[in-house]
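Everything on this sheet refers to the single structure shown next.
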Amino acid sequence: MISAAMGTHPNADVRAAKDLGNALRRVGYDETAITDLLGEDAYASGPEEVPVHERRLPDTHLANVVRLLFLNLAVPRDAVARALGERGVEALAATGLTHVDGDRVSPRSRMLPMGELLLAADSYSKGRNDPADYVAAYTPTTHVCDSLTPRRRVQRALDVGTGSGAHAVLAAGHARSVVATDVNERALAYTRLNATLNGFDNVECRAGSLFEPVEGETFDLITCNAPYVVSPERRWTYRDAGGEADEVSEHVVRECARHLADGGFATMLVSWVARGEDDADDRVLGWVEQTGCDAWILVDSEADALDHAAMWNTHLDDEPSAYARALGEWVGYLDRLGVGKVTDGAVVLHRREGKILPIRVDTIDEETLEDAAEQVERAFAARARLAALKRQTDLLDERLSLASAVRLEQELEPGRRPTAAVVLAEGTNSVVETTLEGLEVVAALDGGVRLRDAVKIAARRLDASDTAALERRALTIARELLELGALEIR
């Protein structure tokens, strides 16, 4: 039986959090251990899978910690003490993550190891019965924001709508100081605990809505995974944006830019609405055009009004009448606003001196997205270098090299023209369509040669006589890969 109480406030007891972190690391409670024990889908599974997962676990100290903190099952006190020591049991109680009642330890929160971090948050979602101040763990949207955030060392970082504090704690590892804001006091309590649990004392929590607690301040890095869902409801602090349509997302883009210091980056998740396909990205393009920053828009998902409503009401799947009412309310709300399409995605801003670069729009897939921190920085740097070239053909004299792993793919089908693509094998995992000639040029760039020389190498391999046409193809594929951060200019 899952035993987890929501509505409690965790306690960032410094000594207890330190003791608990040390005990969990000693027993080997980390992401790799959990996936080894429960399978690659462990983090994506819900409470309905707990009985299956529990049966997979052996009778070991580590498995008992997984039962308690990952699966949120009550565990005998003596088993927890053998795994974490008496100080570990005392620390679990002192931080408020568990309740110790006689010979049983019952979970009040869930602890997810993510990379090198330990992140506490509320237990498995109970759907429509979640309290308004429910604090979600490391979610798919957390993963998207994390993956697209540059990790250069900075003086000041800001995490807006911090939730469990995941982005604040991540920033604490490469920022001198971090400010985390949220209207949810329980979220701030988790953020304080998670910072302390991971050994950081440079995270300051401030209560308030979005950017209100930092008025007049600027930061070198801003992350924002605040509530952005276009919704007629105000049910959950972590989900529903408030305002009308995408007003909150527009506010976030504008305020991120206003609080961004020179040279700084901001990564935020937002939604934007449109009447249909013809004006799908007009609103977000309009927002970023006014920021005075270079911008990269990365589209994650697109949905019509009904699909959008269905996606955000899956917690009602087992209640057909309530589900139908919710669909009607959401679709009616969007219809009244003239919204036929809702898009979710990320906006990355970079403030720098010089002429603002054209806005780039690409797509990402949260299921294949990996750490793209360095790729994002390379992409913005490359775009600035390209803009500084006097003529497009000047790129032929630049030394280029592959900056990330790529796959060169071609497909041959009888009776059809061959197709070719360069696939980024890490980061955004983007796919760039090209030609067989383009693949040869990219292959010749390995090692850092002038693009003009890569064209000559490709021409010899292809036995091509029209080098002018090959140069044009080379310029096209090289610029695209530079702007995606897969190539860099030496």
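Both backbone and side-chain heavy atoms feed into the values below; hydrogens, waters and symmetry mates do not.
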Exercise. Does the pair T149 and R151 meet the rule for a side chain to side chain contact (heavy atoms under 4.5 Å, CB included), with working shown?
Worked result: CA-CA 6 Å; T149 298; R151 296 298 174 191; 3.7 Å; yes
For this session: Please assess R352 against D262 for the test salt bridge (Lys or Arg N to Asp or Glu O under 4.0 Å), listing each intermediate value before the final yes or no.
Result: CA-CA 6 Å; R352 64 172 182 87; D262 291 342; over 6 Å; no
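Distance CD/E480 to CD/E433: 10.5 Å, rounded to 0.5 Å. Here the straight-line distance linking atom CG of L484 with atom CD of Q375 works out to 6.5 Å at 0.5 Å rounding. Separation of atoms CG (L424) and CD (E370) is listed at 10.5 Å; rounding is to 0.5 Å. The distance from the CG atom of L334 to the NZ atom of K341 is 14.0 Å, given to the nearest 0.5 Å. Atoms CD and CG, on E488 and L482 in that order, are 9.0 Å from each other to the nearest 0.5 Å. Here the CG-OG1 distance, from L148 to T428, works out to 8.0 Å after rounding to the nearest 0.5 Å.
In this model, a donor atom of one side chain and an acceptor atom of the other lie less than 3.5 Å apart for S271 and D344. Side chains of E233 and W330: a donor on one and an acceptor on the other come within 3.5 Å. Residues S45 and H53 have side chains that bring a donor and an acceptor to within less than 3.5 angstrom of each other. Judged purely by distance below 3.5 Å, without hydrogens or angles, the side chains of D182 and T162 never pair a donor atom with an acceptor atom. For the residue pair Y134/N184, the side-chain donor-acceptor check at 3.5 Å is not satisfied.
Closest approach of A175 and R153 over heavy atoms only: N-NH2, 4.5 Å. Closest approach of R156 to T218, counting heavy atoms only: NH1-O, 3.1 Å. Residues S404 and R378 approach most closely at CB-NH2, 3.7 Å, considering heavy atoms. A226 and G161 make their closest contact through CB-CA, 4.3 Å (heavy atoms, listed as atom of the first residue, atom of the second, distance).
Here ring-ring contact (aromatic ring centres under 6.0 Å, His included) pairs that include residues 368-393, with residues two or more places apart or in two chains, are F265-F380, H350-F380. Pairs engaging residues 469-490 under the ring-ring contact (aromatic ring centres under 6.0 Å, His included) rule: none recorded [sequence neighbours left out]. Screening residues 280-303 for ring-ring contact (aromatic ring centres under 6.0 Å, His included) gives no qualifying pairs among residues at least two apart or on separate chains.
For F70 and Y124, the ring centers sit 6.0 Å or farther from each other.
When atom types are taken as modelled, the side chain of D466 and the backbone of A469 share a donor-acceptor pair closer than 3.5 angstrom. Remark: side-chain polar atoms of D279 are paired, donor with acceptor, to backbone N or O of G276 under 3.5 angstrom. Put simply, the side chain of R399 never gets that close to the backbone of V449: no donor and acceptor are under 3.5 Å apart.
A 6.0 Å sphere centred on CZ of R461 holds more than 12 heavy atoms belonging to other residues, nucleotides or ligands. Heavy atoms from other residues, nucleotides or ligands lying under 6.0 Å from CD of E409 number more than 12.
Taking the side chain to side chain donor-acceptor pair (under 3.5 Å) definition, one finds that N198 meets it with R25, sequence neighbours left out. By the salt bridge (charged side-chain N to carboxylate O under 4.0 Å, His left out) test, R206 is found to be paired with E204, E217, residues two or more places apart in sequence or in another chain being considered. Here T343 pairs with nothing under the side chain to side chain donor-acceptor pair (under 3.5 Å) rule; sequence neighbours left out.
Below 30°, between 30° and 60°, or above 60°: for F211 and H259 the angle between ring planes is below 30°, a parallel geometry.
Each of P150, C256, C224 was checked for a side-chain contact (heavy atoms from CB on, under 4.5 Å) with T267, and the lone residue meeting it is P150.
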